[in-house]
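Atoms within a ligand are numbered from 1 in the order they appear, just like the ligands themselves. Atoms considered below: every heavy atom in the structure, side chains included; atoms not considered: hydrogens, waters and symmetry mates. For the single chain, residues carry numbers from 1 onward in sequence order.
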Amino acid sequence: MTHQDRLDQLCINTIRTLAMDAVQKANSGHPGMPMGAAPMAYVLWTRFLKHNPTNPKWPDRDRFVLSAGHGSMLLYSLLHLTGYDLPLEELQNFRQWGSRTAGHPEYGLTPGVETTTGPLGQGFANGVGMAIAERFLAEHFNRPSHTVVDHYTYAIVSDGDLMEGVASEAASLAGHLGLGKLIYLYDDNHISIEGSTDLTFTEDVERRFKAYGWHVQRVNDGNDLAAIAAAIEAAQATTEHPSLIMVRTHIAYGSPNKQDTAEAHGAPLGEEEVRRTKENLKWPTEPPFYIPDEVLSHFREAVERGRAWEAEWQARFEAYAAEYPQLAAEWQTAMNGQLPVGWDADLPHFVPADGPLATREVSGQILNAIAPYLPTLLGGSADLAPSNNTLLKKYDSITGDDFSGRNLHFGVREHAMGSISNGMALHGGLIPYTGTFLVFSDYMRPPIRLAAMMDLPMIFIFTHDSVWLGEDGPTHQPIEQLAALRAIPNLIVLRPADATETVEAWRVALTHREGPVALALTRQKLPVLDRTELADADKVARGGYVLADADGEQPDLILIATGSEVHLALEARQQLAVQGVKARVVSMPSWELFEQQPQTYRDQVLPPTVTARLAIEAGVPQGWHHYVGPAGEVIGLNRFGASAPHKTLMEKFGFTAESITSRALALLGR
Ligand SMILES: Cc1ncc(C[n+]2csc(CCOP(=O)(O)OP(=O)(O)O)c2C)c(N)n1
């Protein structure tokens, strides 16, 4: 054994023992995965990963995703050892209240964590998004002999990751696009929670990934550092295909009784087994969390190396900025997540004569009006672009050979579309958007939830937002989807009532940077409301506003509606006026934005003294009682839809001005 070999072993065993000790102390967690995957992680982090521990946000760093997020102690050990702002006490407080070492890696909580992982498969797909972002930004910003975007995206993925459908969707697209700078290490340990992967996972992963168009290699011994390094080098040299390196590892490597068993997956090894494992690894049994000095100083070389890398990049960037000042400024704006001044110069303006217009159609006009001002606005649809109106008409499609276009085609892969777009947002520099039917938001729920958890400024476009899509019938008609989206904390759901509100909804979507926005847009045409008679739509940003009032007097009744039901409420208001009933119409495009308003504003819109309230929305009534109160009622849908023309459905389901009027009169006891 050379000195270097001995040092390598010490470093790897440090990762293993830190994981064992932290899980043991927390009495909870997953020791096995970090113990098995430590060698590949060590090789990657000390010999390949271009990162700067003292500036985790250096824009051109390599991205590293621990998709098998349950092995979080692997990542925390690496972050601590290589010199990120994650002191040893944080590792000793693993999984405790207030610590920065949560059970699964959390983006925004721990410096150096690139994405929140834990739900298996998500990290896999996030990495694909990061690699797409890198390639798009490189294409857009790099110039001959001026390379400012040039990095790899690495991940460690597990059996569970590869079993999840979302990984298949993402792998298929990554292979199709030939993402050569995407390199995944597969922790092929043959164990998941219920036991051997022989129970459920016997497919030929190698041939599967080759079929997707990936470059696949095998490392038969997960402790063979030279073989791991050689495979990573070969993966880097493969520029036209993403790479999967299948590394045969052993869960809980070194544990005399738990290695290669599912028992080591998700529970502490136990005091006694920890002791025996340390003995087996020729490690001092005391103290816990022991880090030999030479190990720390070896890992900490990452700090100087990282500074030098960033400094070298900074010099490159300055030379670039000198030659291309405008591009450099554009880059800065994009990377800072800012909108260029004047981005909204060409936002369309609508008057009633422009209508009727479907809000999806208006959304398409808006996208095309802002795209020239937002060079890194990048998105697409899951094969529904013509229906979702997500196409940027003046721009080409992105293909495996050419990333100069602006239209991404996700294929029929909603789940991966969401997760990949999250990865694009996490990378930075892009404004990602997605498109599909509202009913298929169910297929995207995991990434929407994670976007909300990570405060990602995602824009999720959902069209065909109600049963009024008509003939496609119940399978395509969203009923509970609005309620389901509203249940996600930190997600803003916006359902604009007409073209003008759609413009304002998009304004919110682009300027809201602290979390995702879901736009619910109609398939069918709606009248463009007459803003000379009604309130301005700029109050969309307040979530709800008085659209039409009862002529300065206290209203007898408040009609609250969203989206395509608002114009019906306005018609009902007129019918009620004929009957001597003074009704106020509140347009409520977003509950979440309304809830953020001061109580005084909310009370102005919904005066507590007016208890006769009727909410109208073509979806489950769930949640509306909060706004209509005990004396109010909801016109909603408590059943799945039906296949029929939309006008027929509106009559059958009681969504006409006449039926709203009679419900209102009944509510008032008339
Ligand atoms: C979407 C999702 N489903 C279920 C789980 C619960 N879970 C955590 S790890 C795991 C499987 C573990 O197998 P593997 O990925 O091979 O990890 P290893 O046992 O090698 O650590 C499961 C089912 C999860 N984290 N995410």
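Sorted by first then second residue, the ring pair (Phe, Tyr, Trp, His ring centres under 6.0 Å) pairs that include residues 181-206, not counting sequence neighbours, are Phe124-Tyr184, Tyr184-Trp214.
Taking a cutoff of 4.0 Å between a charged side-chain nitrogen and a carboxylate oxygen, Lys278 and Asp21 qualify as a salt bridge. Using a cutoff of 4.0 Å between basic side-chain nitrogens and carboxylate oxygens, Arg61 and Glu114 are scored as salt-bridged. Classification of Asp204 and Lys210 as a salt-bridged pair fails, no side-chain N sitting under 4.0 Å from a carboxylate O. Salt bridge present: Arg275 and Glu279 bring a charged side-chain N and a carboxylate O closer than 4.0 Å. The existence of a salt bridge linking Glu206 and Arg218 is confirmed by a sub-4.0 Å separation between a basic side-chain nitrogen and an acidic carboxylate oxygen.
Per-residue contacts place Gly160 under 4.0 angstrom from the following atoms of ligand 1 (heavy atoms of the residue considered): 14 (P), 15 (O), 16 (O). Each of the atoms 15 (O), 16 (O) of ligand 1 lies under 4.0 Å from some heavy atom of Asp159. Within the listing of ligand 1, atoms 24 (C), 25 (N), 26 (N) sit less than 4.0 angstrom from a heavy atom of Gly118.
For atom 12 (C) of ligand 1, the closest non-hydrogen atom on the protein side is His265 CE1, 3.2 Å. Among all protein heavy atoms, the one lying closest to atom 20 (O) of ligand 1 is Asn189 ND2, 2.6 Å. Closest protein heavy atom to atom 7 (N) of ligand 1: Ile193 CD1, 3.7 Å. The protein heavy atom nearest to atom 16 (O) of ligand 1 is Ile191 O, 2.9 Å. From the protein, the heavy atom lying nearest to atom 4 (C) of ligand 1 is Leu120 CD1, 4.6 Å.
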Please set out all donor-acceptor pairs under 3.5 angstrom arising from side-chain atoms of residues 430-444, sequence neighbours excluded.
from, atom 1, to, atom 2, distance (Å)
Tyr433, OH, Thr390, O, 3.1
Ser441, OG, Leu438, O, 2.7
Asp442, OD1, Gln481, NE2, 3.4
Asp442, OD2, Gln481, NE2, 2.7

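The N/O atoms of Ser192, backbone and side chain alike, include none that comes under 3.5 Å of an N/O atom in ligand 1.
Between Phe299 and Cys11, some side-chain heavy-atom pair lies under the 4.5 Å cut-off.
Here Thr197 has no heavy atoms under 4.0 Å from ligand 1, in either its backbone or its side chain.
When the heavy atoms of Met35, Gln122, Glu164 are ranked by distance to atom 1 (C) of ligand 1, first place goes to Glu164. Of the candidates His104, His70, Met33, it is His70 that places a heavy atom closest to atom 17 (O) of ligand 1. Heavy-atom proximity to atom 15 (O) of ligand 1, evaluated over Ala262, Gly266, Ser67, Ser158, is greatest for Ser158.
The aromatic rings of Phe209 and Tyr212 lie perpendicular to each other, with more than 60° between the two planes, well past the 30° mark.
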